[in-house]
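Letters go in sequence order (proteins before strands), and every chain restarts at 1. Both backbone and side-chain heavy atoms feed into the values below; hydrogens, waters and symmetry mates do not.
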Amino acid sequence: MTGPLLQIEDLHVTFSTRRGLVEAVRGVTLSLDQGEMLGLVGESGSGKSVTGFATTRLLDVAGRVTAGRILFRGQDITKIADSDFRVLHGAAMSMIFQNPRAALNPIRAVGLQIADAILSHKRMSKEDAAEEALKLLRAVQIRDPEKRMTAYPHELSGGMCQRVMIAIAISCNPMLLIADEPTTGLDVTTQKVVMDLLVRIAADRGMATILITHDLGLAARYCQRVVVMEQGRLVEEAAPQTLFRHPRHAYTRRLVAASPTATSRIADLVTDDERSHYLAMLAACKPRPAPAAGTPLLLDVKNLAKRYDQGPPAVADFSMAMAAGESVGLVGESGSGKTTTSRMICRLIDPSEGTILFDGESIGHLPARDFHRSPVRKDIQIVFQDPNESLNPRFTAFDCIAHPLLRLSGMRPGDVLRQRVEQCAQRVGLPAELLPRFPHQLSGGQKARVGIARAIACQPRLLVLDEPTAALDVSVQAVVLQLLDRLRREDDLALLFVSHDLNVVRMMCDRTIVLRNGCVVEQGESRALFDNPQTAYTRELVDAVPHIGGAPAAAAAQVTGPGVNNVRSL
Amino acid sequence: MASATLRHTVWILRGNPLTAVAAAGVVLLILIAIFGPSIVPYDPIASNVSQALAPPSAAHLAGTDQLGRDTFSRLVVATRLDLVIAVSAVGISFVLGAVIGAFCGYAGGRLDRAVGRFVDVMMAFPLFVLAMAMVAALGNRVENIVIATAIINLPFYIRFARAEVNVRRNVGWVEAARAGGESNFSVVLRFLLPNVLPAMAVQMSLNLGWAILNAAGLSFIGLGVRPPTPEWGIMVAEGARFISTGKWWLVAFPGLALMLAVLCFNLLGDGMRDILDPRMRT
Amino acid sequence: MSSLPALFGVLVFTFLLMRVLPGDPAVFFASGPNAGKEEIEVIRKQMGLDKPVPQQLLLYLYDVGRGNLGRSLMTGQAVTTDLRDRLPASLELTLTALLIALVSAIPLGVLAALKPGSVIDHGVRLFCALGVCVPTFVSGLLLIYVFYYLLGLAPDPTGRIDVFTSLPPSRTGFLTIDFLLAGDLDGWWAAFRQLILPAATMALFVIAPLARITRASMLVSLGSDFVRTARSVGLSWWRIVVTYALRNAILPVITIAGIVFSTMLGANVLVEKVYSWPGVASYALDALLSSDYAPVQGFVLLMASIFVVVNLLVDVLYGIADPRVSI
Amino acid sequence: MRLRYCGPFFSAVGALVLLLAAEPALAQSRAETLRYVTGASVNTLDPNVPGSTREAFAVSLSTYDRLVSFGRKQLNGKWVFDLDKITGELAESYDVSPDLMKITFHLRKDAKFQDGTPVTADDVKWSLDRAVTAPVLGKAQLLTGSLTSADQFKVIDPLTFEVTLPKPDKLALPNLATVYPIIINSKVAKANATAEDPWAISWLKEHAVGSGAYVIESFKPGEQVIMKRNEAWNRGSPDKSAFFKRVIVQTVPEPATRANLVERGDADITVDLQASDIQSLESKGTLKVISTPQYNSVTFISMNNTIPPFDNINVRRAVAYALPYDDMFKAALFGRGTPLFGASWTDGKPTTSAFPFPQPIKLDLDKAREYLKAAGMPDGFSTTFSFNVGQASTAEPMAALVKESLARIGIKVDIQKLPDAQMSTQINEKKLPFFTEGIVAWLPSTDYFYRNFYTGNQRWNYSSINNAELTATAQEARFEPDKAKYDQDGLKLNAIHFAEMPQIALWQPSQDAVMATSIEGYTYQFHRQVDYRDLRRK
């Protein structure tokens, strides 16, 4: 067979929604050779996943390929009947999805699920299929594969589920593998292990792979060629090094700039022309005055613990201190107790043990139920992770921002309030004409701004940020991070930044605390901590972070080496 | 917002002609309930024994009953009472259930467990028998039928509200409201309840039909509204006695009215669920 | 175990509710043409109604604790005997109805979910909506009228078995099963024919909720990531729909079926009445109308216990069907 | 593929249709079986047990014998029981002493209990002793025939039995023909008696040990009773056992279903159908419908004479003239019964000494308004009219008409429908001001009616009337041996009834027995059920 394995020509995909037809992919053309690994990068809504689903014909009912061709091994697969496509699925092309646990049938043992996939294309007995499945489990390096055969997805970790998913996808040795955000929901350390495995398997079996991701670093690290998409269109295509060092298209430039690296600073997150504007603004800020001697710490937390009826304690022993205007990062994998800690400090839940001193006064003993009456309430505010869930669907943006002002600053509805809300909106860069809108009429970034405006409306002194940018695209994240940094400088606001994204924490925070299983593992000045981790756990976290330009494309070949065999089994 | 909802509603209705028909039916029912008594051709309780058991004709569109009363007029006039019974019964359990359930779902802990126990007790009752017993105990007046129906509905609403609130209690905007200085009490009342109401309204619409049937069942047993007040359930129950003698109109028309009303409410509830959450439609 | 307080609550509440009933059973049952004050007193004493209510309650609880639910004045039998004799009838009817409902509701729900928004979907929805909007007593009477009176296809609606068929030795109390055990196929046939109309009447009313939940959970299931996975590796249509989607979708159906079963048992009063079915619900209804306390209390207790058992059963079934739940 | 989904559904539907289509083979000889369907259920085998139903009475008539039974007579071409003709049942004959104080019964020599042991005077003595001393229903009934104590019963020899009366009482003998004084196999009963229950009341509830025409084969309270013929029984006419080999008494609560069953030939006979069904069955002509006025029962509209405003005689009269009798009769009963209104006698002088009797009242709103004015309530008043759920099919249309008609003279009526138990309780407590109820007298003589339904503070005195003259006259009539004087008393009582208008007698409803054309021998019985022993198949 000559020619590329997959050739997409002028692909158009349209969705019929309640607002009419929406064109999600508008004329994408790309090709993929056998054994090649292609990165398909873009922010949400760029059409990257739709392209993947259109290729494997797994689009939602509402979506339809309206124009273009998809040539697979020279055959236009948009023309073949659904029933014939079944032969291709799994056997010739397969797919790996985001959120591996949901992608597996929750009530069927994983061994059977792999066997199902095998049996759908090969004639063999159930016993043989089970044998084959076991081999595949070994191939994806699951520990105790015999035992895992009968396990159900809920009994496996996210990383293991993704391995099972990979086993299913490769079970019939397809020529094309499309991985749609395969590591997005996973912890950093797991991400790396899974990606390494995936790449090695693809290389071993000579499969062509399309890696669909929003993470430029990830694509840079593993792919030979990267394609950038924006709003359904393909804007740039190049080798990773070229793309990241010399992006040609404006969008790519912005994207590259906004992706944090091991060395980038907040100011670096925008393109050069915008940076000066930001720097000028920074310069206008007064330098922070040194605190007077004897001023108590803003926050002093000692031996905080939270236990629930069942299970191990969510937080076992947590102590920290921070001064006014300081920013502290709180990092750790999921389940490490970050969120619980942040809620306790915010006084939204009651700690089981320990003390919280705010401004030298104990606030830990006030029950969370009554804390809304405490004068300290307006000094500690919080910004939530998911902007979609953090705004009351029945409140307009104005109501959301006005709410704490009405409740905590004792303001009355009227012009003063209106001015104050508009002022807050302006500070976070939210156009005043968006204020009467309801959350569902705002974009993710706009919602995030409303959330921040609400939190700073009462001029708090401590702002807890619970993964404030986790759900945002990098370009939006860059803007939000700059905004937060600026607010900190302008208002002398202390930030407690909860995140799993080490790059972000490194940029944003003076100091960083690493949590694991509810205990502090390590803490210290951010840069020092990341440059020279003292514990194995922190080192693992740091190593796992993909960096743009950090690793050359050739790294993909390296990681297939013997070193991979002693990866942490998750 | 309003226009968006409207547009969305229109979009849903176009895909669901049944819902549109049901909505029209409900509107018609309400109009009949309001204006019916003033437009009927005959006095619904005036007897005319010489005209008894006349089959449908031009003079009596739906025939006459044992006392020569015009079935059509009775049907039309009964609409108001039936709607009032259904709406007030469901309304009471809706309001009580939403408030109790919301607070329990939010508070959790001992109160929640206690109320949960109570709901368990209620659910363990054979509910129709409970309604019968209550009406028998309190006397078969309209208000007692309403109370009995409301009480047997209550546990469902409590559960529903509880579950709905429970999934939202730790959602960002609820925590934000608390961080914004809202007491737990007003978080439930001003934040959670308004957000739970639409889903409950769907439940309510489905329940309206059920409440009408419930009243009809009570009438069949003999524990319904007092005669000679026209009410569909009683009319069906009375008419059922004449099925075997071929006086079909006595059961057919009230039965049809009952059926259509319940059908409209059910389909409308279904459709409303579409409007709120297409995935959950059933 | 945790349901014991609920049962206790039901017990006490029913007791009190029955005492609130304005009817005096003694007067009602002393309704011989010449019943005098004396006779009424005799009955009152017999029923223990001459004692203060709290004492009656304690006595009642003591009796219940010993498995004595009192006597029915209506049938003259111990309530436990009556309930034991009649429960199999109700259970057989309800289970059959549930079976009919499930057998029709699940395919209907699946069909509707496979083509949401299609004519089939709307058709199923309309059919289900029609089923729930006809009161059971009307559909029951109509079915009798059509199938028995007009067409003569169904046997006379007078209970579980036509009187001329001799009964099999009672082992389970379920006639259809007892006949099979006795190897009497004609008898089985007769019992089954009697069962089918009332069961269909009841089933008609519960198809809707079951089909609804099947459709809803099937939609969720079909739209889920794991079905997409199954499609992505090319599993057959049948396997995707049945093994992957339906098996997952059936979980909520189990829960609803449990609830439906309990409600049916309590709500089949009207069906039993219409078909002269000698079950517990019609027994309770007659007792209620004549203020015969003991049977009503016994019935409610029985229903509550069944409710508890059914819930337990549903939990067990759910645990078997869903490995994520540990029982 | 999709069709395979529908598979189970369609095959289930198909199976259903097939099942319903097949006809079962009738196992038993249908002709020799009587299948009787009824609304209520047989709840005891001993009619004496408090709470016994009419259906239980009917069964006990077949399973037990009494000393005597009522004869029958023709009334308008239909057979009804005859209060005045007492024939022997277990007694071959009886003598009444000239002073009417002593009755001697000579028992049949060949009479045997169902277990084969002979019936002796000792059994009779034990059974009657039980009826008057044990806490059973018989006690209150036999009282009306001056049978109150065990001392009155004497065994002369094994086949001779004597009853002594304190006073000559016309109702003594008829009382022994009612359902309660059953003759029980005393040896068996005593063997099953206990210290707390010396009269074996709870045992006899579930066991019939009599000498009657039928033997209980199976008894399922609330469902059905199946009886088989007692071949040894020869008290039938003439000296034969009963006709049917087997009798099935089955409970079918829905009257329409009962009508269907008889119409389709699945049941042989039933009573207590709805008037509308009977009318249509009658017009179809495929069945035999025998309608007998229940001449021992009356349906009333009752007013409590002690509760204002019904304590005012003019109010009662106003109500009496404001009721739409004809409409009520037609709408509620479809005209099936004997009206007790619209008589033509004048001046308050009744023409009959019998009770119940038609009164000269009819709908006359002007007259009603006059009476209301005379009562000082020209603008009317408000009241509640109650009836019983169990009687809804007749009472409900009636109530609607009452409400409508009384509204015309300014009386506002609220209708209250009460579950049966509540209704009886409230009547007993004399709390209902205005309601409809019926009465039945097993021994329908004028004095019996007046004594039981118009005197004393008892449940059956619906109107709570307390009229000294009425009470005295009724008592006097009870022991009045002279027919002419008795008639005098009857006329006087009826005149008082009309003058006082304590309650308004509406009609005697018909007892409609619907049966297959092949069934013969139906007789209207005092207990308003079918006596299975009477029936034959052509």
Cut-off 4.5 Å, heavy atoms of chain B, and the answer for D:Gln416 is both
Interface check, chain D: of B:Arg141, B:Glu238, B:Lys247, most non-hydrogen pairs under 4.5 Å belong to B:Glu238
- Mind checking whether D:Asp420 and D:Gln391 have side chains closer than 4.5 Å, heavy atoms only? no
Okay, D:Asn260 and chain B: the region with an atom under 4.5 Å from a heavy atom over there is side chain
Honestly, the part of B:Ala52 sitting under 4.5 Å from a heavy atom of chain D is neither
**Report entry** B:Trp248 ring center near B:Phe253 ring center (under 6.0 Å)
**Finding:** yes
task: Check the surroundings of atom CZ in B:Phe118: do more than 12 heavy atoms from other residues, nucleotides or ligands lie under 6.0 Å from it?
output: no
Whatever's closer than 4.5 Å to a heavy atom in chain B on D:Lys403 counts as side chain
Counting heavy-atom pairs under 4.5 Å with chain D, the top scorer among B:Ala136, B:Ser50, B:Gly224, B:Ser47 is B:Ser47
**Message:** If you count heavy atoms of other groups shown closer than 6.0 angstrom to NZ of D:Lys288, is the number above 12?
**Reply:** yes
From the list D:Ser405, D:Ala259, D:Ser276, the residue making the most non-hydrogen contacts under 4.5 Å with chain B is D:Ser276
Okay, B:Leu223 and chain D: the region with an atom under 4.5 Å from a heavy atom over there is side chain
Whatever's closer than 4.5 Å to a heavy atom in chain D on B:Arg69 counts as side chain
For D:Lys412, does the NZ atom have more than 12 heavy-atom neighbours from other residues, nucleotides or ligands under 6.0 Å away?
no
When the 4.5 angstrom heavy-atom criterion is applied to B:Ala46 and chain D, the contacting part is both
Honestly, the part of D:Pro397 sitting under 4.5 Å from a heavy atom of chain B is both
Report task. State whether the side chain of D:Thr299 and the backbone N or O of D:Gln508 hold a donor-acceptor pair below 3.5 Å, judged by distance alone. Result -> no
The interface call for D:Ala407 against chain B, heavy-atom contacts under 4.5 Å, is neither
If you tally heavy-atom pairs under 4.5 Å between each of D:Ala392, D:Ser280, D:Ser393, D:Ala399 and chain B, the highest tally belongs to D:Ser393
task: Could you walk me through whether D:Lys330 and D:Asp327 pass the salt bridge (Lys or Arg N to Asp or Glu O under 4.0 Å) test, one step at a time?
output: CA-CA 5 Å; D:Lys330 208 167 143 191; D:Asp327 284 356; over 6 Å; no
So do the side chains of D:Asp414 and B:Arg226 get within less than 4.5 Å of each other, counting heavy atoms only? yes
Would you call D:Phe434 and D:Met303 a side-chain contact if the rule is heavy atoms closer than 4.5 Å? yes
